[in-house]
Amino acid sequence: MKTINVILSGGVGSRLWPLSRKSRPKQYLPIFEGETLFQKTAKRNLAFSDEVLVVGNKENYLLSRKDLKRSGISAYREVIEACPRNTAAAITFAALVSEPEDILLVTPSDQLIEEGEAYEMAVNRGLELAKQGFIVTFGLRPTRPETGYGYIEAFGEDVKAFREKPDKITAQSFLDQGNFYWNSGIFCFQAGVFLDELAKFEPNVYLRSFMAKKEMKEHMLPEELSLEIPSISVDYAVMERTEKIKVVPSSFHWSDMGSFESIYDYLIETGHPTDDFGNMVIGSELHTEFTGLSNTILIHTEDAILVLQKENAQEVKQIYERLVKEKPDLV
């Protein structure tokens with residue numbers, strides 16, 4: 001039995017356009033104290049793992065390799081997806097290239113997590129539950145009525161329900177009730193247990209992924225077979241349906257860095273300048289003045305400028321989706 005840190009690195013970070021692009025998604029941006037989120041993820045989990053397994057895609061695997069080299073990690077395995085098929089397939093590939101008894105600690109590569117005792121305690125408890133045959137997710141105690149995260153309703157370590165991203169009123173009610181947690185997207189389980197549950201609930205995902213994995217050459221999955229895999233999330237495929245689910249209520253500092261609101265808050269903590277009204281410039285050294293505005297973020301790149309109110313950060317994804325159709329060279 002080995003413990004394998006499975007790093008999921010296939011996301012594009014659409015809500016962080018124009019900083020994040022298909023050619024350089026948010027997990028590879030070196031704006032976190034000189035490191036990338038991918039680097040921080042890989043280094044953070046070395047203490048808990050016997051092996052590193054990166055599940056990425058053909059667009060960014062070279063970026064992963066560079067970050068691993070910069071982090072001093074030379075021993076790792078890869079699964080390179082030919083096309084994005086969502087988290088259920090990505091995790092299935094990791095399980096298929098592992099031994100059934102191996103424990104997979106599945107971590108997205110684009111989260112900012114504060115290392116320390118709280119994180120260590122949570123991961124160790126997750127590993128303990130995984131050894132007992134449970135499928136484990138990690139829930140973060142909410143600190144605000146966040147509408148950008150999914151939630152887990154729980155009693156102790158027992159999961160009652162998964163909840164989609166709520167509106168503001170519902171998020172406040174979750175916070176008030178005290179037994180709702182942010183869904184971190186971090187999981188822990190034995191590879192064989194996960195595959196058994198997947199085959200029960202989504203046999204087509206299991207079968208199509210298995211067939212694609214059989215034809216994998218030099219870590220690269222075949223595109224034609226991959227396109228036949230249903231594109232669904234692991235939450236829907238397994239987590240929301242299995243009776244083997246457990247949650248580890250956790251209190252470590254966590255952010256999915258999924259919006260400019262998160263980036264703004266992080267940069268404030270690290271001393272990035274703002275004016276007296278909370279306005280911030282990212283990506284430019286040009287002298288910039290704001291008038292009549294507050295909590296506004298100006299993001300500058302060599303080919304695009306984005307200006308937004310911090311509170312509207314979730315709407316950037318809509319801009320990205322429009323640009324995919326109208327100006328694909330900008331994404």
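Keep in mind that the numbers below use all heavy atoms, side chains included, and drop hydrogens, waters and symmetry copies.
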Can you get from [X] to [Y] by hopping between Ile, Leu, Val, Met, Phe, Trp and Tyr side chains that sit under 4.5 Å apart?
X      : Y      : answer
Leu8   : Val205 : yes
Leu68  : Val79  : no
Ile91  : Val52  : no
Leu16  : Met280 : yes
Ile135 : Leu104 : yes

Please report the closest heavy-atom contact between [X] and [Y], naming both atoms and the distance.
X      : Y      : answer
Ile263 : Ile282 : CG2-CD1, 4.1 Å
Tyr76  : Arg65  : OH-CG, 3.4 Å
Gly156 : Val247 : O-CG1, 3.8 Å
Thr107 : Ile186 : CG2-CG2, 4.0 Å
Phe93  : Ser209 : CE2-O, 3.4 Å
Gln27  : Gly10  : NE2-N, 4.3 Å

* Please lay out, stage by stage, how Val55 and Glu81 fare under the test side chain to side chain contact (heavy atoms under 4.5 Å, CB included). => CA-CA 7 Å; Val55 183; Glu81 294 184 288; 4.2 Å; yes

Rounded to the nearest 0.5 Å, how far does [atom2] of [Y] lie from [atom1] of [X]?
X      : Y      : atom1 : atom2 : result
Asn179 : Asp158 : CG    : CG    : 12.0 Å
Leu96  : Lys213 : CG    : NZ    : 6.5 Å
Leu298 : Ile305 : CG    : CD1   : 6.0 Å
Arg24  : Arg21  : CZ    : CZ    : 11.5 Å
Gln111 : Asp256 : CD    : CG    : 6.5 Å
Gln190 : Leu127 : CD    : CG    : 11.0 Å

* Centroid-centroid under 6.0 Å between Phe48 and Tyr119 rings -> yes

* Asked: What about the rings of Tyr149 and Trp254, do their centers lie closer together than 6.0 Å?
  ->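 Judged by ring-centre distance (under 6.0 Å), Tyr149 and Trp254 do meet the cut-off.
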
Is [X] reaching over with its side chain to a backbone N or O of [Y], donor-acceptor style, under 3.5 angstrom?
X      : Y      : answer
Asn295 : Lys310 : no
Ser255 : Met257 : yes
Ser9   : Ser109 : no
Ser284 : Leu286 : yes
Asp110 : Lys26  : no
Thr92  : Ala88  : yes
Gln39  : Thr36  : yes
Ser250 : Val248 : yes

Heavy-atom distance under 4.5 Å between the side chains of [X] and [Y], does that happen here?
X      : Y      : result
Asp265 : Leu267 : no
Ile103 : Cys188 : yes
Phe32  : Thr270 : no
Thr274 : Tyr264 : yes
Tyr28  : Asn60  : yes
Glu33  : Tyr266 : yes
Lys244 : Val193 : yes
Asn45  : Leu105 : yes

* To do: Step by step, work out the side chain to side chain contact (heavy atoms under 4.5 Å, CB included) result for Tyr320 and Val316.
  => CA-CA 6 Å; Tyr320 179 91; Val316 176; 5.5 Å; no

Pair [X] + [Y]: basic N to acidic O under 4.0 Å:
X      : Y      : result
Glu228 : Arg208 : yes
Glu115 : Lys43  : no
Glu51  : Arg77  : yes
Glu59  : Lys22  : no
Lys58  : Glu223 : yes

* Asked: Which is it for Ser64 and Asp67 under the side chain to side chain donor-acceptor pair (under 3.5 Å) test, yes or no, and what are the steps along the way?
  -> CA-CA 5 Å; Ser64 296; Asp67 272 3; over 6 Å; no

* Asked: Could you walk me through whether Ile152 and Val159 pass the side chain to side chain contact (heavy atoms under 4.5 Å, CB included) check?
  -> CA-CA 7 Å; Ile152 301 168; Val159 175; 4.0 Å; yes

* Does a side chain donor of either Asp176 or Gln172 reach within less than 3.5 Å of an acceptor in the other side chain? -> yes

* Test log, rule ring pair (Phe, Tyr, Trp, His ring centres under 6.0 Å), inputs Tyr181 and Tyr151 -> CA-CA 5 Å; Tyr181 301 87; Tyr151 285 73; 9.5 Å; no

* side chain to side chain donor-acceptor pair (under 3.5 Å) evaluation trace for Gln314 with Arg15 -> CA-CA 7 Å; Gln314 298 293 338; Arg15 288 179 291 171; 2.6 Å; yes

* To do: Identify whether NZ of Lys or CZ of Arg in Lys246 sits under 6.0 Å from the centre of the six-membered ring of Phe134 and within 45° of that ring's axis.
  =>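 Yes; both conditions hold, so Lys246 lies above the ring face of Phe134.
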
* Asked: Quick one: side-chain contact (heavy atoms from CB on, under 4.5 Å) partners of Phe277, sequence neighbours excluded?
  ->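 With neighbours one apart ignored, the set is Asp275, Asn279, Ser294.
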
* To do: Check the pair Thr242, Glu197 against side chain to side chain donor-acceptor pair (under 3.5 Å), reporting the backbone distance first and the verdict last.
  => CA-CA 7 Å; Thr242 179; Glu197 294 298 278; 2.6 Å; yes

* Run the side chain to side chain donor-acceptor pair (under 3.5 Å) check on Gln309 and Asn312 step by step: do they pass? -> CA-CA 5 Å; Gln309 293 289 144; Asn312 299 109; 5.5 Å; no

* To do: Starting from the C-alpha separation in whole Å, work towards a yes-or-no answer on side chain to side chain contact (heavy atoms under 4.5 Å, CB included) for Leu19 and Phe260.
  => CA-CA 10 Å; Leu19 285 184; Phe260 276 111; 3.8 Å; yes

* To do: Only pairs at least two apart or in different chains count here, so list each salt bridge (Lys or Arg N to Asp or Glu O under 4.0 Å) that has a residue in residues 234-243.
  =>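 For residues 234-243, and leaving out neighbouring residues, the salt bridge (Lys or Arg N to Asp or Glu O under 4.0 Å) pairs sorted by first residue read Glu202-Arg241.
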
* To do: Decide if atom CG of Asp303 counts as having more than 12 heavy atoms of other residues, nucleotides or ligands within a radius under 6.0 Å.
  => yes

